[in-house]
Protein chains: 2
Amino acid sequence: MQEKLTSSLEDYLEVIYNFINKNSSVRAVDISRELSVSRASVSEALKRLAEKKLINYGRYDVISMTEEGKKHAEKVIEKHNALQYFFEEIMGLDGEEAGQTACKIEHIISENVLEKFTALKDFHKTNPEYAEEFKKYCREK
Amino acid sequence: MQEKLTSSLEDYLEVIYNFINKNSSVRAVDISRELSVSRASVSEALKRLAEKKLINYGRYDVISMTEEGKKHAEKVIEKHNALQYFFEEIMGLDGEEAGQTACKIEHIISENVLEKFTALKDFHKTNPEYAEEFKKYCREK
DNA sequence: ACAAATTGTTAGGCTTGCCTTACAATGACT
DNA sequence: AGTCATTGTAAGGCAAGCCTAACAATTTGT
């Protein structure tokens with residue numbers, strides 16, 4: 001079901017999802033600003049996402065997401081969050097770099113790897129002493 | 001010093017480096033087989049790497065690496081190894097998936113993130129009980 | 001040494017993803 | 001309603017990366 005998307009299209013989808021959830025709608029120009037690309041590029045991306053039936057969209061039309069699109073976006077965001085937690089809370093990177101790194105890796109990891117990161121997060125939450133020990137180790141170097 | 005390269009060019013560089021170190025020479029066709037791309041694509045990539053002064057190469061010529069090229073390749077390989085260790089020994093993925101994942105992420109992470117992964121590896125080697133605990137946790141789920 | 005196989009290059013094509021420029025549609029203000 | 005700013009689209013261009021097909025150079029085998 002989950003068709004493979006390019007990193008770029010996943011980025012667009014993610015932004016659309018987040019915007020709709022926050023403000024209940026998105027305009028092409030919002031996406032363009034968020035991703036720092038031209039409005040023309042957004043236009044193209046929307047066309048491609050609509051072709052793949054991940055969003056509902058027609059010329060000058062309101063943007064909405066299909067179920068398929070939502071599912072896909074949620075999966076990407078889930079990966080993002082697991083990675084962000086890992087890099088920030090476990091590896092001790094600052095939020096900025098953790099976020100940037102998560103943004104790139106989220107398009108790469110498989111379902112299986114996501115599960116591992118999620119497990120690691122759960123493990124860390126129930127056993128915070130292990131990560132503490134690692135951070136101490138880093139400081140002492 | 002370290003000029004930015006695309007993931008693709010880093011892959012070529014890595015293969016060239018590994019081949020030369022193993023067999024003392026590389027041919028375009030070796031690279032083509034290793035990366036599963038056409039010989040034509042290799043030709044283009046070699047031209048681009050030579051332009052960037054990472055390899056020494058001319059028409060029908062032997063391929064050798066410049067100091068700059070070696071340094072860059074070694075850095076990528078260092079990232080690869082740190083990631084491979086992480087995914088295989090710490091996260092418990094099988095070697096195959098650990099390798100594939102490392103291959104993609106190696107092009108993404110910063111020097112800083114590399115250092116973290118390296119530290120985690122050292123930490124894990126001196127304190128194997130922490131990772132053991134995590135693996136146990138995974139098994140019990 | 002010469003034919004056959006292998007290897008490397010070139011040319012031309014395709015897709016993705018970006019850009020700019022110019023134009024079309026929409027919205028907001030008076 | 002008319003004007004102006006904003007927003008969206010279309011057209012045309014560019015680079016990276018890949019491809020195939022045809023051709024050139026090199027190597028191999030006898």
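Letters go in sequence order (proteins before strands), and every chain restarts at 1.
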>> Restricting to salt bridge (charged side-chain N to carboxylate O under 4.0 Å, His left out), what partner residues turn up for B/Lys116, sequence neighbours left out?
In response: none

>> Check this for me: does any side-chain nitrogen of one of A/Glu68 and A/Lys71 sit under 4.0 Å from a carboxylate oxygen of the other?
In response: yes

> Which other residues belong to the hydrophobic cluster containing B/Val42, where Ile, Leu, Val, Met, Phe, Trp and Tyr are joined when side-chain heavy atoms lie under 4.5 Å apart, directly or via other members?
Replying inline: B/Leu5, B/Leu9, B/Tyr12, B/Leu13, B/Val15, B/Ile16, B/Tyr17, B/Phe19, B/Ile20, B/Val26, B/Ile31, B/Leu35, B/Val37, B/Leu46, B/Leu49, B/Leu54, B/Ile55, B/Tyr57, B/Ile63, B/Met65, B/Ile77

>> At 4.0 Å (heavy atoms only), tell me whether A/Ser41 reaches a base, stays on the sugar-phosphate, or touches nothing.
In response: base

> Can you name the side-chain hydrogen bond (donor to acceptor under 3.5 Å, both in side chains) partners of A/Thr66, sequence neighbours left out?
Replying inline: none

Below 3.5 Å is the cut-off: list the nitrogen or oxygen pairs between protein and nucleotides 1-4 of chain D, distance only.
none

>> Under 4.5 Å side-chain heavy-atom separation, chaining through any Ile, Leu, Val, Met, Phe, Trp or Tyr, what else clusters with A/Val76? Say none if it is isolated.
In response: none

>> Using the side-chain heavy atoms of B/Val29, tell me which of these nucleotides is nearest: C/dC19, C/dT16, C/dG8.
In response: C/dG8

> Rounded to the nearest Å, what distance is computed from the CG atom of residue A/Leu35 to the P atom of nucleotide C/dT16?
Replying inline: 18 Å

>> Applying ring-ring contact (aromatic ring centres under 6.0 Å, His included), can you list everything that pairs with B/His80, at least two apart in sequence or on another chain?
In response: none

> Of the candidate nucleotides C/dG17, D/dG17, C/dC18, which contains the atom at the shortest distance from the side chain of A/Leu9?
Replying inline: C/dG17

>> Restricting to side-chain contact (heavy atoms from CB on, under 4.5 Å), what partner residues turn up for B/Glu44, sequence neighbours left out?
In response: none

>> Please classify the nucleic acid contact of A/Thr6 as base, sugar-phosphate, or nothing, using heavy-atom distances under 4.0 Å.
In response: sugar-phosphate

> Under the side-chain contact (heavy atoms from CB on, under 4.5 Å) test, which residues partner B/Glu97, sequence neighbours left out?
Replying inline: A/Ser110, A/Asn112, A/Val113, B/Leu93, B/Asp94, B/Thr101

>> Using a 4.0 Å cut-off on heavy atoms, which residues in residues 99-107 of chain A reach DNA chain D? List them by number, or say none.
In response: none

> By side-chain contact (heavy atoms from CB on, under 4.5 Å), which residues pair with A/Ser7, not counting sequence neighbours?
Replying inline: A/His107

>> At 4.0 Å (heavy atoms only), tell me whether A/Ser36 reaches a base, stays on the sugar-phosphate, or touches nothing.
In response: sugar-phosphate

>> Check whether B/Lys135 reaches the backbone of B/Glu89 with its side chain - one donor and one acceptor, N or O, closer than 3.5 Å.
In response: yes

> Can you name the residues that form a side-chain contact (heavy atoms from CB on, under 4.5 Å) with A/Glu133, not counting sequence neighbours?
Replying inline: A/Lys136, B/Phe123, B/Tyr130

Using a cut-off of under 3.5 Å, enumerate the N/O to N/O pairs linking the protein to nucleotides 9-11 of chain C.
from, atom 1, to, atom 2, distance (Å)
C/dT9, OP1, B/Tyr57, OH, 2.8
C/dT9, OP1, B/Tyr60, N, 3.4
C/dT9, OP2, B/Ser43, OG, 2.5
C/dT9, OP2, B/Tyr57, OH, 3.1
C/dT9, O5', B/Ser43, OG, 3.3
C/dT10, OP1, B/Arg59, NH1, 3.4
C/dT10, OP2, B/Lys47, NZ, 3.4

